[in-house]
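Note that ligands are numbered from 1 as they come in the structure, with each ligand's atoms numbered from 1 the same way.
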Amino acid sequence: MTRSLIVALGADHGGVALKNRLAAVLIEGGHQVQDFGTDGPASVDYPDFAHAVCAAVTEKRADFGILVCGTGIGMSITANRYPDIRCGLVHDVTTARLTRAHNDANVLALGARIIGEEVALDILGAFLSTPYEGGRHDRRLAKLNKTEPTE
Ligand code: RB5
């Protein structure tokens with residue numbers, strides 16, 4: 001896949017099965033996994049798991065985060081409230097590649113009820129193996145946390 005990475009994982013009940021599959025694949029690929037749960041089918045609140053993963057990435061305890069819920073939407077909304085998190089909600093390999101290349105995404109959000117497992121695994125590979133392009137994108141990323149219109 002790529003050099004050995006530390007990947008923080010989190011999911012709610014809608015995403016736990018896919019999260020566990022991704023964890024197994026990452027470990028098989030020689031990566032280190034920090035699994036913040038959830039661990040079973042009981043109904044839980046997705047922000048609790050997004051917060052744990054985003055704290056790990058923000059504090060550089062993990063290289064990347066992966067968040068899985070039913071749609072990926074709640075996870076991505078939560079993650080993108082963190083100033084140093086750039087979370088891409090991704091449904092295919094092309095957006096997985098481009099959110100790394102153009103957005104330097106450090107968190108990947110997936111909707112387990114939206115995409116199939118094979119697509120998710122292809123997304124994982126593309127996300128982790130694509131480098132950020134830099135260049136003109138640096139200027140854009142520098143504007144992400146502005147809360148006033150740019151002149
Ligand atoms: C849980 O039912 C569902 O709302 C959650 O997994 C996610 O899709 C939220 O965005």
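For Glu133, the CD atom is densely surrounded, since the number of other residues' heavy atoms within 6.0 Å is greater than 12. Taking a 6.0 Å sphere around CZ of Arg61, one finds it holds more than 12 heavy atoms contributed by other residues, nucleotides or ligands.
Val90 places none of its side-chain heavy atoms less than 4.5 Å from the side chain of Phe127.
Protein heavy atom closest to atom 5 (C) of ligand 1, with residue, atom name and distance, is Asp12 OD2, 3.2 Å. Of the protein's heavy atoms, Arg113 NH1, 3.5 Å lies nearest to atom 2 (O) of ligand 1.
Annotation: Gly74 places an N or O atom under 3.5 Å from an N or O atom of ligand 1; distance criterion only.
Closer than 4.0 Å to atom 10 (O) of ligand 1 lies at least one heavy atom of the protein.
Residues Val33 and Ile123 share a hydrophobic cluster, clusters being chains of Ile/Leu/Val/Met/Phe/Trp/Tyr side chains in contact below 4.5 Å. With hydrophobic clusters built from ILVMFWY side chains whose heavy atoms lie under 4.5 angstrom apart, Leu89 does not share a cluster with Ile115.
When the options Asn103, Asp138, Asn106 are evaluated for a side chain to side chain donor-acceptor pair (under 3.5 Å) with Tyr132, the one that passes is Asp138.
Within the listing of ligand 1, atoms 5 (C), 6 (O), 7 (C), 8 (O) sit less than 4.0 angstrom from a heavy atom of Gly70. Taking a cut-off of under 4.0 Å to the non-hydrogen atoms of His13, the atoms of ligand 1 that pass are 1 (C), 2 (O). Numbered from 1 in the order shown, with element, the atoms of ligand 1 that lie under 4.0 Å from a heavy atom of Tyr46 read 9 (C).
When Ala112, Ala109, Cys69, Gly72 are ranked by how near their heavy atoms come to atom 7 (C) of ligand 1, first place goes to Cys69.
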